[in-house]
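Have a look at the structure below, then the notes.
The figures here come from the full heavy-atom set of this structure, side chains too, leaving out hydrogens, waters and symmetry mates. Letters go in sequence order (proteins before strands), and every chain restarts at 1.
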Number of protein chains: 2
Amino acid sequence: MSENLQNDLFLRALKGESVARPPVWMMRQAGRYLPEFMEIKQKYDFFTRCRTPELASEITVQPIRRFQPDAAILFSDILVIPLAMNIEVEMKAGLGPWLPNPIRKAADLDSVIVPDIDSTLGYVMEAIKMTKEKLQGQVPLIGFAGSPWTILCYCVQGQGSKTFDQAKAFCFTQPEAAHQLLQKITDTTIAYLKAKVTSGVHAVQIFDSWGGMLSPEDYQEFSWQYIQQIIDGLKAMAPVIVFGKGCWFALDKMAASGASALGVDWTCSPQIARKLSGGKITLQGNFDPARLLSPPATIRRMVHKMIDEFGTDRYIVNLGHGILPNIPVENAGAFIRAVKEYHEG
Amino acid sequence: MSENLQNDLFLRALKGESVARPPVWMMRQAGRYLPEFMEIKQKYDFFTRCRTPELASEITVQPIRRFQPDAAILFSDILVIPLAMNIEVEMKAGLGPWLPNPIRKAADLDSVIVPDIDSTLGYVMEAIKMTKEKLQGQVPLIGFAGSPWTILCYCVQGQGSKTFDQAKAFCFTQPEAAHQLLQKITDTTIAYLKAKVTSGVHAVQIFDSWGGMLSPEDYQEFSWQYIQQIIDGLKAMAPVIVFGKGCWFALDKMAASGASALGVDWTCSPQIARKLSGGKITLQGNFDPARLLSPPATIRRMVHKMIDEFGTDRYIVNLGHGILPNIPVENAGAFIRAVKEYHEG
């Protein structure tokens with residue numbers, strides 16, 4: 001923040017300062033809907049893109065060049081963490097993540113390590129430094145990680161799932177092993193995010209993509225207590241944003257956690273999101289990504305209504321989940337532009 | 001109800017009467033976790049099971065014989081409705097429903113009919129009569145249908161999906177065509193459920209499995225207004241239960257709809273579910289189906305806690321979604337038994 005950012009709207013919203021208009025960025029803004037991303041995707045496989053600082057930094061700044069949102073988010077993947085922990089992860093075309101040796105019992109944890117960050121994830125730190133050179137202070141840079149529960153889901157299920165029932169079965173039948181794994185992921189994640197902040201990211205976001213599959217009680221036990229450890233470890237170094245997809249039921253506890261902002265999905269109306277979170281913390285969201293398929297004029301109207309309802313202060317405009325691959329580029333542009341032109345009505 | 005049911009606990013809970021213990025049944029209780037169901041499944045394909053009254057009635061009573069829950073639910077599928085409407089539906093092993101000609105534009109609606117129920121779905125009415133003979137008044141029989149939105153999801157997407165983004169795209173870019181399709185499904189569903197009641201079911205349940213993928217506003221427009229039409233059409237004939245998976249945000253409107261009970265999933269704590277629904281309507285749910293993987297003693301403790309929190313009146317014990325195929329039969333039994341033994345503590 002001392003580095004003369006040309007646009008600090010995002011960081012000011014995280015601090016709860018009053019702003020002329022809310023900042024805007026989009027989850028997965030560096031993604032498959034962008035033709036310039038698809039060009040790189042055709043040439044390099046998934047983990048090559050993550051692990052090559054030149055590529056990761058280039059992908060990160062692509063949406064900044066095109067749309068000038070108010071924050072960049074470092075291109076990476078939540079599954080670089082299990083990779084660093086000695087858990088094999090592949091990315092299969094058409095299927096997504098695939099883990100050839102999923103964790104199903106306590107003995108499977110023997111080979112899982114809490115790694116040295118520099119030697120396993122140093123490429124992320126290089127990508128941060130390279131991205132900041134490219135950004136030249138235009139906008140702040142966000143670093144992210146998956147929540148320990150969400151990472152566990154993949155490590156146990158072995159692939160994406162509608163219900164992650166094997167991951168849940170592991171927690172419900174072998175809770176001790178589950179907690180061991182969650183603690184190892186948590187320790188790794190804290191060290192990882194601290195290294196990211198030291199390397200130059202201005203804020204961190206934790207994605208709890210599958211927290212909403214748990215009951216409120218199981219959420220506290222298997223997800224939230226570990227996110228709280230991450231917040232406790234990071235909050236003195238950088239603002240922490242927690243986004244729990246489907247975790248409306250936990251917004252009250254989240255608001256009292258020391259996080260600087262909470263992401264909400266589109267099933268929460270702005271009024272309900274403010275109410276559930278106590279009305280004081282900065283909220284981020286919550287445009288339905290599929291609503292970006294609407295005509296640009298409809299998007300503009302809906303974005304303005306959303307800002308009217310959330311209010312301009314303590315608010316970061318975003319989607320309620322990652323942008324979809326089939327969104328027309330001009331519609332993504334209309335979303336960003338609608339925020340910038342908010343006061344023109 | 002005038003037919004001398006031996007156990008009318010379920011119907012009394014729907015009326016809001018005071019009961020000694022809450023009734024219990026399980027969504028998908030006639031399903032793949034039952035060995036006797038698997039025996040039939042090996043011999044007959046999916047739609048044969050639905051369309052053959054001898055098979056559908058036998059499958060319906062299997063869980064009654066084994067567990068004696070307080071209600072039976074007629075074995076069928078929500079996709080018999082599009083089939084009757086002249087939309088082709090196949091069931092593919094390992095994939096689930098598959099529609100070779102999904103609806104993607106207004107012209108695709110030309111061949112979609114609001115069918116005569118007797119000639120297209122008469123087999124369901126036969127199955128009801130045959131089931132009632134087998135039940136001999138032991139417990140009430142529930143008939144069900146999918147919500148129009150949930151049916152549309154399959155008709156447009158053409159198969160199951162994590163996000164049903166093509167279904168949403170259809171609604172958001174071609175709302176007039178979407179509303180035409182929704183109205184046709186609604187008209188068919190009302191006639192279908194009326195015929196079921198006339199044939200002898202004691203209550204009907206509407207499954208809005210994918211309503212929780214919509215924002216509160218889009219839910220009103222594309223899902224709820226059609227469910228309301230169904231309630232309006234049925235409520236004078238039989239009690240209506242509405243189960244909207246992930247639809248916590250709509251519980252207030254649902255409670256004022258004339259429905260006799262609302263299903264809730266496990267992301268709502270009992271206290272929050274009572275609060276959101278206004279505290280007066282009967283609630284049904286909401287045990288996490290994956291929690292049936294816990295040891296039977298844990299299931300028993302959790303069920304008793306759930307009843308303590310919902311209260312014994314205006315409450316129907318159930319899961320928060322359908323039972324999973326990998327649940328041990330003894331665990332399903334432990335769930336039912338825990339409710340019956342509630343007062344023994």
- Item | Residue, of A:G212, A:A290, A:A169, that accumulates the most heavy atom pairs under 4.5 Å with chain B | A:A290
- Message: At a heavy-atom distance under 4.5 Å, which candidate from A:T173, A:L214, A:I272 has the highest pair count against chain B?
- Response: A:L214
- Query: Hey, which residues of residues 262-269 of chain B are touching chain A, say heavy atoms under 4.5 Å apart?
  - Reply: B:W266, B:T267, B:C268, B:S269
- Message: I need the minimum non-hydrogen distance between B:M213 and A:D288, along with the two atoms involved.
- Response: O-OD2, 4.2 Å
- Contact class of A:P295 relative to chain B, heavy atoms under 4.5 angstrom: side chain
- Relative to chain B, which segment of A:D165 carries a heavy atom at a distance below 4.5 Å: side chain, backbone, both, or neither? both
- Can you say whether A:I299 sits under 4.5 Å from chain B via the side chain, the backbone, both, or neither, judging by heavy atoms? neither
- d(B:Q166 CD, A:L293 CG) to nearest 0.5 Å is 10.0 Å
- Query: Among A:D218, A:N286, A:T163, A:N326, which has the most heavy-atom pairs under 4.5 Å with chain B?
  - Reply: A:D218
- Take atom CZ in B:R32; do more than 12 heavy atoms of anything else shown fall under 6.0 Å from it? no
- Query: Around A:R28, counting heavy atoms of other residues, nucleotides and ligands shown, do more than 12 lie under 6.0 Å from its CZ?
  - Reply: no
- Item | B:E217 bridged to A:K305 by N-O distance under 4.0 Å | yes
- With chain B, which of A:F249, A:F164, A:Y219 has the greatest number of heavy-atom pairs at distances under 4.5 Å? A:F249
- So, the part of A:S161 with a heavy atom under 4.5 Å from chain B: the answer is backbone
- Message: At a heavy-atom distance under 4.5 Å, which candidate from A:S294, A:S215, A:C247 has the highest pair count against chain B?
- Response: A:S215
- Message: Looking only at heavy atoms and a cut-off of under 4.5 Å, which of B:P289, B:C171, B:P216 has the most pairs with chain A?
- Response: B:P216
